[in-house]
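I have placed the structure first, in the form of structure tokens, so that the comments after it can refer back to it.
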Amino acid sequence: MNLALFDLDHTLLPLDSDHEWGEFLARIGAVEAESFRKANDEWFAHYQAGTLDPIKYLEFAFGILSRFPRAQLDEMHRRFMEEVVRPAILPQSVALVKKHLDAGDLVAIVTATNHFVTKPIAEQFGRVHLIAAMPELDAEGNITGKLVGTPTLGAGKVTHTGAWLAGLGHTLEKFERSYFYSDSQNDIPLLELVTHPVATNPNAKLLAHAQARGWPVLNLFDEHAQ
């Protein structure tokens, strides 16, 4: 059994699900559109530049989610999936994940985007595990606004992946072949640790790093690049 890890946003999806979720909330009137969009865009710019404070961002994101009862959140997310996410899931992305599943590999999506937003998205790719930032829940399943544990960004992906594998009785080094597909320089810490890093739809910073390291470059959806 080999290991295949995937980033989600701009890797398997030709969009950023976290940012698009914020845009969706603004569009349906769930938040005050102008001020929220301004904040959402600023956080996204920090992420793209590699300067995001993940704890402050997740406190912001979970704080927004905590305003709504869980049943309302789930209903909004169902609409988000139908209107935004499912139309953006491309056959070639599904096929890439399926190739690893069919080979019997252990497959996980490892994303900095939070678990509430990404769990229904990950389910679209088959029987994959999900490693994502976890919101604290109260006894009724409502999101409290707090982060459980640490963020899954940058070196945090290494920590969380290691803990997940340990829970299954594995270590990263145990796998003869381990893959990680990502588009962003934020994921270089984990890309450096696998045996088969794949720069997938890479941004300029990751592309330069991949070329310097001799890593393969995979462009899944050039025509959908943003």
Side-chain angles (χ1 to χ4, degrees), residues 6-89 108-125 129-157 159-160 182-184 186-187 203 226:
F6 294 88
D7 177 52
L8 180 63
D9 300 317
H10 294 292
T11 299
L12 291 176
L13 295 178
L15 51 76
D16 185 284
S17 60
D18 213 357
H19 186 261
E20 291 296 327
W21 168 252
E23 285 291 304
F24 171 78
L25 292 179
R27 177 163 56 83
I28 67 172
V31 294
E32 196 286 313
E34 184 177 354
S35 61
F36 182 82
R37 280 197 170 109
K38 183 175 184 293
N40 198 37
D41 289 346
E42 288 175 353
W43 289 115
F44 187 46
H46 278 297
Y47 172 77
Q48 290 179 310
T51 58
L52 181 70
D53 183 323
I55 294 178
K56 288 183 178 179
Y57 171 69
L58 286 165
E59 288 174 348
F60 165 78
F62 290 153
I64 298 296
L65 295 176
S66 71
R67 300 177 186 177
F68 304 97
R70 185 57 185 258
Q72 185 180 358
L73 275 180
D74 290 342
E75 180 56 37
M76 288 192 297
H77 201 295
R78 280 191 286 272
R79 182 176 167 188
F80 174 63
M81 290 294 296
E82 289 299 322
E83 296 180 11
V84 179
V85 176
R86 286 197 182 93
I89 296 177
I109 291 174
V110 190
T111 176
T113 301
N114 71 74
H115 192 272
F116 168 77
V117 169
T118 56
K119 184 175 186 293
I121 302 174
E123 290 170 352
Q124 303 301 303
F125 290 91
H129 298 263
L130 175 64
I131 301 169
M134 294 297 298
E136 181 185 72
L137 305 178
D138 66 16
E140 288 74 43
N142 296 304
I143 293 173
T144 68
K146 297 179 181 179
L147 169 69
V148 175
T150 57
T152 48
L153 176 68
K157 287 193 178 183
T159 302
H160 280 272
S182 175
D183 70 292
S184 173
N186 291 310
D187 286 337
N203 63 21
Q226 298 183 3

side-chain contact (heavy atoms from CB on, under 4.5 Å) partners for Ala122, two or more places apart: Ile109, Val128, Leu130

Using side chain to side chain donor-acceptor pair (under 3.5 Å) as the criterion, list what pairs up with Arg86, not counting sequence neighbours. Glu82, Gln124

side-chain contact (heavy atoms from CB on, under 4.5 Å) partners of Glu32, counting only residues at least two apart: Glu34, Ser35

To the nearest 0.5 Å, tell me how far Tyr47 OH sits from Ser184 OG. 4.0 Å

Shortest non-hydrogen pair, Gly63 vs Ser66, comes out as O-OG, 2.7 Å

One should read off an interatomic distance between Arg27 CZ and Phe36 CZ, to the nearest 0.5 angstrom, of 13.0 Å

Do Asp7 side-chain atoms and Thr11 backbone N/O form a donor-acceptor pair below 3.5 Å? no

Rounded to the nearest 0.5 Å, the CZ atom of Phe44 sits from the CD atom of Glu23 at a distance of 10.0 Å

Would you please name every residue forming a side chain to side chain donor-acceptor pair (under 3.5 Å) with Asn203, sequence neighbours left out? Gln185

For Asp74, what residues pass the salt bridge (Lys or Arg N to Asp or Glu O under 4.0 Å) criterion, not counting sequence neighbours? Arg70

Roughly how far, to the nearest 0.5 Å, is the CZ atom of Phe6 from the NE2 atom of His129? 13.0 Å

pair Leu65-Pro135: side-chain heavy atoms closer than 4.5 Å: no

Is there side-chain contact between Val31 and Arg67, with at least one heavy-atom pair below 4.5 Å? yes

Interatomic distance, CG@Leu52 vs CG@Asn186, rounded to 0.5 Å, equals 8.0 Å

Under 3.5 Å donor-acceptor pairs involving side-chain atoms of residues 144-152, not counting sequence neighbours:
unit_1: Thr144; atom_1: OG1; unit_2: Glu136; atom_2: OE1; d: 2.6
unit_1: Thr144; atom_1: OG1; unit_2: Lys146; atom_2: N; d: 3.3
unit_1: Thr150; atom_1: OG1; unit_2: His160; atom_2: NE2; d: 3.0
unit_1: Thr152; atom_1: OG1; unit_2: Thr111; atom_2: O; d: 2.7
unit_1: Thr152; atom_1: OG1; unit_2: Ala133; atom_2: N; d: 3.2

Distance check, rounded to the nearest 0.5 Å: Thr113 atom OG1 versus Asp16 atom CG? 5.5 Å

For His115, check side chain to side chain donor-acceptor pair (under 3.5 Å) against everything at least two apart and list the hits. none

What pairs with Ala88 under side-chain contact (heavy atoms from CB on, under 4.5 Å), at least two apart in sequence or on another chain? Pro14, Leu15

All salt bridge (Lys or Arg N to Asp or Glu O under 4.0 Å) counterparts of Glu123, not counting sequence neighbours: Lys119

Side-chain heavy atoms of Glu83 within contact of Glu20, under 4.5 Å: no

Could you tell me which non-hydrogen atom of His19 sits nearest to which non-hydrogen atom of Asn40, and how far apart they are? O-ND2, 3.1 Å

Can Lys56 and Glu59 be counted as an ion pair, charged N to O under 4.0 angstrom? no

Restricting to salt bridge (Lys or Arg N to Asp or Glu O under 4.0 Å), what partner residues turn up for Asp9, sequence neighbours left out? none

Under 3.5 Å donor-acceptor, Lys157 side chain and Asp187 backbone: no

Any heavy-atom pair between the side chains of Phe116 and Ile143 that's under 4.5 Å? yes

Across all chains, not counting sequence neighbours, the side-chain contact (heavy atoms from CB on, under 4.5 Å) partners of Met76 are Trp21, Phe24, Leu25, Ile28, Ala30, Phe68, Gln72, Leu73

Applying side chain to side chain donor-acceptor pair (under 3.5 Å), name anything that partners Asp18, two or more places apart in sequence or on another chain. Tyr57

If you take all heavy atoms of Phe80 and Ser17, which pair is closest and at what distance? CZ-O, 3.7 Å

